[in-house]
Every structure is written in structure tokens, then in C-alpha cells.
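All values below come from the heavy atoms of this structure, side chains included, with hydrogens, waters and symmetry mates left out. Residue numbering restarts at 1 for every chain, and letters A, B, ... go by the order of the sequence lines.
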Number of protein chains: 2
Amino acid sequence: MTAARLAILQTVSGGDHLDVEAIHRGVCDRVGQVSLQAVYDSLNALHCGGLLRRIEPAGSPTRYETRVGDNHHHLVCRTCGRITDVDCAVGHAPCLDPASDAGYLVDEADVIYWGLCPRCRAETGSAPPCPARD
Amino acid sequence: MTAARLAILQTVSGGDHLDVEAIHRGVCDRVGQVSLQAVYDSLNALHCGGLLRRIEPAGSPTRYETRVGDNHHHLVCRTCGRITDVDCAVGHAPCLDPASDAGYLVDEADVIYWGLCPRCRAETGSAPPCPARD
DNA sequence: TCAGCACACTTGAATGATTCAAGTAAAGGA
DNA sequence: TCCTTTACTTGAATCATTCAAGTGTGCTGA
């Protein structure tokens, strides 16, 4: 664990679902110039090591957060991309029980609620860009 | 609705969570040469019109399916990328009720179960590439 | 009949997050 | 001291997707 990686952890835990670019900026602020590739590399290592959780909502760059292991989910705004944590509706981790697992060995459930955040609701009058129905 | 778009619908409904490239091939088989951009364009239109559902698992290209409106979810294999449908664990559509919606206007819930499909389980001995824990 | 227009489609180029490749430097172990 | 591993650097490549600009076709209203 190097200074750069510590700075990544600090930046991520101090931010709110940051993307790689934002993390990179934060790390540079803390410890001086660090290459973007080092950030990618370290984020991967930290993620595989279970220290960071990776969030990849469709159509937007990867984001990271330090809240791991508590099986919470995410609200994503279709308009501004803002991400908000929500606790698991089922109640306890892990909610890894699909109705039928079809023989799969399930190790993670990714739940994303798509919608409009309060701010965008007020601004756009409750009309998401492309009304995806599901 | 043109021949090309009809061919897209037929290809997607006859396939299994196809990606854009596969759909493009299928459409060309049915109605002759069609540009990739036309396929992208039409897929977008069909998706916005509610005729196709879009699935975008992290780290793999967008896929489409014709099963819309029944709020089912997906099992995705970490190793081979195979996608399998699962019915909603909650039971009835829409399972759009996060524990707290934080003021969001939620219109869709995307649930992806990550794991190993039966085939990859047998081959790799139940070891996903990067053991993401959650 | 014809201008105007919307729309599906074409070709070609651009974007942008991410990954790959190859090399350097520092730390740790034998 | 040598060797190996690991973190990091610079630079280039990849690839799905989108943007831009132009072409042809069919419909509508005058």
C-alpha cells in the first residue's frame, strides 16, 4: 500500500460515487502528479481486494465508493447522472436470491433504480429523456 | 415501420440477448445490406418506443431483448458473459420500491445477478475471475 | 403537379473510457 | 549483491457508440 493508493482510498471515501477522472484529480491534489493509468491500476487492485465497490450504470463511466459489503443499492438519475445510495429493500445482505438461479453460482446482486432525482424533477417537470418503461 | 426495422424485431426476438453486432448480422441476412448506423438508430427508436428492452451489463456491450414490461431480471456470467432471464423475486411488476426513494421518481429497476453459469462452474471450478464481494 | 418536409438510411469521421505494451525505479528476499 | 516483484510512467491502441452531413423516398397541402 503506497501513498498513491492511500490517497485513492481517501479521495473515494471523501467523495460521492466519484468517477475515475475525479479520483485522479483528487489523488493529484493530495500527493502530486500521478498518472491516470496508475489510478486505473490501483482502483482495479483495490476493487479486487474488496476495499472498493465499483458501480457501472449503463451509459456512464465507472464510479467507485468505499461502502462495501453491506449490499446497498443505487438510485441513478436519468438526466443528471447523480447516484444516491439506498438500503436493500429486502433488508439483509446478501439479497442474492433470484427466484431461480438457473444453476448459476451467484455472488453479487446489482440493483439500480432508474429515475429522476428531486432536482431534475423540479427542473424538467417529471419527464425523463427517453421514457423507458419496464 | 420499415422492412429493416421489422427485421430487427424478428432478429432480436429470435435470438437470445443479442448484441448490436449480432443483430446487424441477422438483419443483413434477412433483408440484405443495412448499415450499422441504421441498426443503432432503429434500436434506439424501438427501445424508446417500448418495443425492445436494453440490457447493459457492466463491461460488456449493449444487448437487446423483446421481453418487455414484465419486470424480469438477469443472471450474468462473469466468465463467459452469458445472460439468462430470471423472474422477479418480488413477484409482481414493478418491483420499483426501494426502501427509500430519496425523492426520486423511479421508473425502472435494473437487477443483475452476477455469478458463474453452470458451464463455467464446471470448467473453472467455481472461481470467478476477480472475486468481487458484496 | 410540384414544392416542402419528415424520416429512414448511407458513408465517413470523431469521441472517450478503458486497456495494452514496454520500459523505469524502488522495495524486499535470498 | 543479485534477483524478483510491484508500483508507476509514457505512449499507443481498442472498440462500442455517437456525431455530422448528405441522399433518396413517401406524404401532405397548395
Side-chain angles (χ1 to χ4, degrees), chain A residues 1-12 15 17-49 51-65 76 78-79 81 83 112 129-130 132, chain B residues 1-12 15 17-49 51-65 76 78-79 81 83 112 129-130 132:
Chain A
M1 178 62 63
T2 65
R5 299 193 168 197
L6 204 57
I8 287 180
L9 277 180
Q10 290 169 346
T11 301
V12 174
H17 307 103
L18 300 179
D19 60 17
V20 177
E21 198 187 342
I23 295 168
H24 183 215
R25 279 198 304 274
V27 170
C28 289
D29 284 350
R30 287 170 196 270
V31 298
Q33 184 57 41
V34 173
S35 71
L36 187 58
Q37 275 64 21
V39 173
Y40 270 103
D41 191 30
S42 304
L43 285 172
N44 259 320
L46 294 169
H47 172 241
C48 284
L51 292 171
L52 289 180
R53 179 163 173 192
R54 187 181 236 158
I55 317 162
E56 306 177 67
S60 72
T62 307
R63 290 160 184 279
Y64 290 87
E65 67 181 350
V76 182
R78 285 193 193 278
T79 303
I83 298 180
I112 292 183
C130 162
Chain B
M1 176 64 62
T2 65
R5 298 193 170 198
L6 204 57
I8 288 179
L9 277 180
Q10 289 169 347
T11 301
V12 174
H17 307 103
L18 299 179
D19 60 18
V20 177
E21 197 186 343
I23 295 168
H24 183 217
R25 279 198 304 274
V27 170
C28 290
D29 285 350
R30 287 171 196 269
V31 298
Q33 183 57 40
V34 172
S35 72
L36 186 60
Q37 275 64 22
V39 175
Y40 270 104
D41 192 30
S42 304
L43 286 171
N44 259 320
L46 293 169
H47 174 242
C48 283
L51 292 171
L52 289 181
R53 179 162 174 194
R54 189 181 238 159
I55 316 162
E56 306 176 68
S60 73
T62 306
R63 291 160 183 279
Y64 290 88
E65 67 181 351
V76 182
R78 286 192 193 277
T79 303
I83 299 181
I112 292 183
C130 162

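Of the candidates C/dT18, D/dA16, C/dT10, the closest approach to any side-chain atom of B/Ser35 belongs to C/dT10. Here D/dA16 is the nucleotide among D/dA16, D/dC8, C/dT11 with the atom lying nearest to any side-chain atom of B/Tyr40. Comparing C/dT10, C/dT18, D/dT18 by their closest approach to the side chain of B/Asn44 singles out D/dT18.
For A/Leu6 and D/dA7, the CG to C1' distance is 15 Å, given to the nearest whole Å. Separating the NE2 atom of B/His24 from the P atom of D/dC15 is a distance of 17 Å, rounded to the nearest angstrom. If you take CG of A/Asp41 and P of D/dT9, they are 10 Å apart, rounded to a whole angstrom. Whole-Å rounding puts the A/Ile55 CD1 to C/dA17 P distance at 17 Å. If you measure from atom CD1 of A/Ile8 to atom P of D/dC8, you get 7 Å, rounded to the nearest angstrom. Look at CG on B/Leu43: it is 13 Å from C1' on D/dA16, rounded to the nearest Å. What separates CD of B/Glu21 from P of D/dC15 is a distance of 10 Å, to the nearest Å.
Residue B/Thr2 places no side-chain N or O under 4.0 Å from the OP1 or OP2 atom of C/dC7. One finds a side-chain N or O of B/Arg5 lying less than 4.0 angstrom from the OP1 or OP2 phosphate oxygen of C/dC9. The side chain of B/Ser42 places an N or O atom within less than 4.0 Å of a non-bridging phosphate oxygen (OP1 or OP2) of C/dC9. Considering only side-chain N and O atoms, A/Thr62 lies under 4.0 angstrom from the phosphate OP1 or OP2 of C/dT18.
The side-chain heavy atoms of A/Arg54 and A/Asn44, taken from C-beta on, include a pair separated by under 4.5 Å. Under the 4.5 Å side-chain criterion, counting only non-hydrogen atoms from C-beta, B/Arg53 is not in contact with B/Val12. Considering only heavy atoms from C-beta on, A/Ile83 stays 4.5 Å or farther from A/Ile112 through its side chain. Side-chain atoms of A/Arg5 and A/Asp41, non-hydrogen and from C-beta on, do get closer than 4.5 Å to each other.
Contacts of B/Ala45 with the nucleic acid, taken as non-hydrogen atoms under 4.0 Å apart, are absent. Residue contacts for B/Glu56: at a heavy-atom cut-off of 4.0 Å it reaches no nucleic acid atom on any strand shown.
When atom types are taken as modelled, the side chain of B/His24 and the backbone of B/Ala38 share no donor-acceptor pair closer than 3.5 angstrom.
For B/Gln37 against D/dT18, a side-chain-to-base donor-acceptor contact under 3.5 Å is present.
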